[in-house]
Amino acid sequence: MLNKYARAFFTRVLTPFAAFLLRRGVSPDAVTLIGTAGVMAGALVFFPRGEFFWGTIVITLFVFSDLVDGNMARQAGVSSRWGAFLDSTLDRVADAGIFGGLALWYAGDGNDNVLCAVSIFCLASGQVVSYTKARGEAIGLPVAVNGLVERAERLVITLVAAGVAGLHTFGLPGVEILLPIALWVVAVGSLVTLGQRVVTVRRESAEADAATGNGAAS
């Protein structure tokens, strides 16, 4: 749901910036690579040290590259299968960096094995949620379902909670509890979304098989 409305809004906002980069000779692929590197740096440098506020600021600055690169490709008329593949692949890398950085914090100074496991589950379930749709589409199914918690929801919930929780280091009391809550919400939501997509693929594959069988019989 967030992906549908937020993407349209930020696409309009970032269109002038995308045009500016094109005029400077920057390629969409370069923006994709730089954006992913920035997200990884923010997540793996700041999060394992518990610096959630500054880590979130860095990640947020670079995460919008996911919208800018596609906007640039459309404006330049160079949209390609390779660009779509690279963008989708590096999205998974960036997501792994974010939840991996949180897992490293809880495995180290955060000293909470349960939340470390939840962070790893968020990482893995996010990858599998994306894979189910990609695999379903690869075998010719529409996978006509979005699900409760998609990538946009996972990122917004986690990063907002991490950023606010990071204000604890500036003396704001009680906010550190928001990050564990957010991780549990993302974990449960991802599990529900995975179930929704699996059920949808099962239904669509049964319908497709039945249609093929009926066609053969007639």
Side-chain angles (χ1 to χ4, degrees), residues 1-4 6 35-60 62-63 66 87-138 143 145-168 174-202:
M1 180 166 39
L2 277 176
N3 190 52
K4 177 180 178 182
T36 303
V39 170
M40 294 290 287
L44 296 179
V45 171
F46 292 95
F47 280 3
R49 298 187 297 181
E51 297 178 5
F52 298 124
F53 178 79
W54 293 114
T56 299
I57 293 297
V58 172
I59 291 169
T60 302
F62 285 98
V63 80
D66 186 46
D87 184 60
S88 180
T89 299
L90 293 184
D91 281 350
R92 308 287 85 76
V93 174
D95 292 356
I98 291 170
F99 289 105
L102 294 172
L104 287 172
W105 161 251
Y106 286 116
D109 292 342
N111 193 30
D112 193 319
N113 289 336
V114 172
L115 287 176
C116 176
V118 174
S119 299
I120 293 172
F121 179 82
C122 289
L123 190 163
S125 60
Q127 307 293 319
V128 177
V129 164
S130 298
Y131 175 80
T132 53
K133 186 173 181 65
R135 182 58 181 155
E137 291 174 343
V143 195
V145 62
N146 289 323
L148 181 64
V149 176
E150 295 183 278
R151 183 174 188 256
E153 284 84 1
R154 291 196 301 271
L155 290 181
V156 169
I157 293 170
T158 303
L159 292 178
V160 168
V164 175
L167 294 175
H168 174 70
V175 291
E176 64 272 18
I177 192 63
L178 293 177
L179 183 54
I181 292 172
L183 288 173
W184 278 107
V185 168
V186 170
V188 173
S190 296
L191 185 61
V192 171
T193 303
L194 178 59
Q196 289 175 303
R197 290 193 173 179
V198 169
V199 169
T200 298
V201 170
R202 179 178 175 82

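Sequence positions, counted from 1, serve as the residue numbers for this chain. Here the structure is a predicted model, which is why all the values come from computation and not from measurement. What you see below is based on every heavy atom in this structure, not just the backbone, and it leaves out hydrogens, waters and symmetry mates.
Rounding to the nearest 0.5 angstrom, the gap separating the CG atom in D95 from the OG atom in S130 is 7.0 Å. A distance of 15.5 Å separates CZ in R135 from CZ in R197, rounded to the nearest 0.5 Å. With values rounded to the nearest 0.5 angstrom, L104 atom CG is found 8.5 Å from I120 atom CD1. From L155, atom CG reaches atom CD1 of I59 across 9.0 Å, with rounding to the nearest 0.5 Å.
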Would you please test F121 and L183 for side-chain contact (heavy atoms from CB on, under 4.5 Å) and show each step? CA-CA 9 Å; F121 179 82; L183 288 173; over 6 Å; no
Apply side-chain contact (heavy atoms from CB on, under 4.5 Å) to residues V201 and V143 and explain how you reach the verdict. CA-CA 6 Å; V201 170; V143 195; 4.2 Å; yes
Taking it one step at a time, do V199 and V145 satisfy side-chain contact (heavy atoms from CB on, under 4.5 Å)? CA-CA 10 Å; V199 169; V145 62; over 6 Å; no
V93 vs L90, test: side-chain contact (heavy atoms from CB on, under 4.5 Å). Steps then yes/no. CA-CA 5 Å; V93 174; L90 293 184; 4.2 Å; yes
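Between the S190 side chain and the C122 main chain, no donor and acceptor come within less than 3.5 Å of each other. With Q196 contributing its side chain and L148 its backbone, the two residues share a donor-acceptor pair below 3.5 Å. Not one N or O on the side chain of E137 forms a donor-acceptor pair closer than 3.5 Å with the backbone of A134.
In this structure, R154 and V129 have side chains that are in contact, with non-hydrogen atoms separated by less than 4.5 Å.
For the ring pair (Phe, Tyr, Trp, His ring centres under 6.0 Å) with F47, the qualifying choice from W105, Y106, F52 is F52, the only one to do so.
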